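The block underneath contains the structure these notes are about, expressed in structure tokens.
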Amino acid sequence: MGATPFRVAVLISGAGTNLQALLDQLHSPGGAIEIVGIAASRADAAGLRRAQAAGVESAVFAIAEHPDRADRDRALGDWLDSLGVELVVLAGFMELLSPEFVARFAGRIVNVHPSLLPAFPGLRAIEQAVEQGVKVTGVTVHFVDEGVDSGAIVLQEALDLSYPARIAEIEERVHGVEHRLLPRAVRLIAAGRVRPDPANPHAVLVDDGD
Ligand code: GAR
């Protein structure tokens, strides 16, 4: 663990309700955890207004403004390093990151995903679950590796589905879970309570007790 505060950056693409949960529940300048930077993949991400309202430094890193994804991700990585970021949180960041970026921040990137991984990775996870008629779905917070939504799972929580299903209603319930689970996972990581499982390279051990 680094010095206090534990320095976190949040990457977004859209509304940023998970960003808001992190700001409301964790952000404490000079305290245990500080959100030191918020980056968006697009200039019209509504969540950028939340960054401004919270007085946190923010920036836009759009692929269209760079020759390619690797170049964009290099610039993003340089910005994160300049802020001394210890953990990068993907909170509704809807783009893949280059393998170079993932290697540069290996073990220091987490993502929140709206399904019980490894079921329904990628885009439209809630719609995929409903299309399959599953009776249980949920939320996963996981480390990011070079695959798509395939890194070690930190926390998961299940949600029952009933049919006929309304996507908007499920999204609302998923958000409710995410807004508790993601801040909890970040708090556990910041406290050094998440560590590699020596018995399983795909797993981490989480000390979730009091
Ligand atoms: C969240 O539900 C998050 O799980 C999902 O995007 C939403 C963003 O909401 N992420 C993915 O699907 C990533 N594959 P927000 O912008 O209001 O936090």
Side-chain angles (χ1 to χ4, degrees), residues 8-27 35 37-54 56 58-63 69 73 76 87-99 101-102 105 109-132 134 136-161 165-187 189:
V8 173
V10 184
L11 273 50
I12 60 169
S13 297
T17 66
N18 280 287
L19 163 65
Q20 192 64 52
L22 293 165
L23 285 166
D24 292 345
Q25 297 176 42
L26 297 184
H27 179 51
I35 297 175
I38 294 165
S41 61
R42 36 193 302 169
D44 63 354
L48 283 169
R49 286 199 291 274
R50 303 177 191 272
Q52 282 142 20
V56 176
S58 64
V60 176
F61 292 89
I63 289 183
R69 180 191 309 275
D73 287 1
L76 173 60
L87 183 71
V88 180
V89 180
L90 310 187
F93 188 74
M94 304 307 274
E95 294 182 4
L96 295 177
L97 290 161
S98 63
F101 183 95
V102 174
F105 294 92
I109 313 171
V110 290
N111 179 44
V112 61
H113 185 78
S115 77
L116 290 179
L117 291 171
F120 312 125
L123 297 176
R124 300 179 65 256
I126 294 173
E127 288 86 345
Q128 289 185 62
V130 169
E131 282 157 19
Q132 289 299 317
V134 300
V136 178
T137 188
V139 172
T140 303
V141 180
H142 65 95
F143 282 102
V144 172
D145 65 10
E146 57 292 334
V148 176
D149 298 325
S150 57
I153 291 166
V154 181
L155 294 176
Q156 286 186 307
E157 191 172 316
L159 275 169
D160 289 330
L161 293 187
R166 282 186 49 244
I167 297 291
E169 186 245 342
I170 300 169
E171 272 171 2
E172 202 178 308
R173 289 169 62 212
V174 162
H175 267 132
V177 173
E178 290 180 340
H179 297 167
R180 282 185 288 106
L181 211 63
L182 182 60
R184 198 167 118 221
V186 172
R187 199 178 282 120
I189 293 167

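Indexing begins at 1, ligand by ligand and atom by atom, following the structure's order. Being a predicted model, the structure only gives us computed values, none of them experimental.
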Which residue holds the protein heavy atom closest to atom 9 (O) of ligand 1, what is that atom called, and what is the gap in Å? His175 NE2, 3.2 Å
Report yes or no: does Ser115 contribute a side-chain atom to a donor-acceptor pair with the main-chain N or O of Phe120 at less than 3.5 Å? yes
Say whether Val112 and ligand 1 are in contact under the criterion: heavy-atom distance to a ligand atom below 4.0 Å. yes
Under 3.5 Å: donor-acceptor pair, side chain of Thr140, backbone of Leu117: yes
Among Glu95, His113, His179, Glu178, which one has a heavy atom closest to atom 4 (O) of ligand 1? Glu178
Are a donor atom and an acceptor atom from the side chains of Ser41 and Ser13 found within less than 3.5 Å of each other? yes
Do me a favour and list the nearest non-hydrogen protein atom to atom 13 (C) of ligand 1 with residue, atom name and distance? Met94 SD, 3.8 Å
Which of Leu19, Leu22, Val56 passes side chain to side chain contact (heavy atoms under 4.5 Å, CB included) with Arg50? It is Leu19
With nothing but distance in play, are any N or O atoms of Asn111 less than 3.5 Å from an N or O of ligand 1? no
Please list the nearest protein heavy atom to atom 17 (O) of ligand 1 with its residue and the distance rounded to 0.1 Å. Thr17 OG1, 2.6 Å
Counting only heavy atoms, which portion of Glu171 has something under 4.0 Å from ligand 1: side chain, backbone, both, or neither? neither
Ligand 1 atoms in contact with Ala15 (distance to a heavy atom under 4.0 Å): 16 (O), 17 (O)
Without swapping roles, check the side chain of Arg173 against the backbone of Asp160 for a donor-acceptor pair under 3.5 Å. yes
Which atom pair, heavy atoms only, marks the closest approach of Val89 to Val186? CG2-CG2, 3.9 Å
Closest heavy-atom contact between Arg69 and Leu96? NH1-O, 2.5 Å
Is the shortest side-chain heavy-atom distance between Val154 and His142 below 4.5 Å? no
Under 3.5 Å between any N/O of Asp149 and any N/O of ligand 1: does that happen in this structure? no
Going by heavy-atom distance to atom 16 (O) of ligand 1, choose the closest among Gly92, Ser115, Gly16, Ala45. Gly16
Which ligand 1 atoms, with their elements, are less than 4.0 angstrom from a heavy-atom of Pro114? 4 (O), 5 (C), 10 (N), 11 (C), 12 (O)
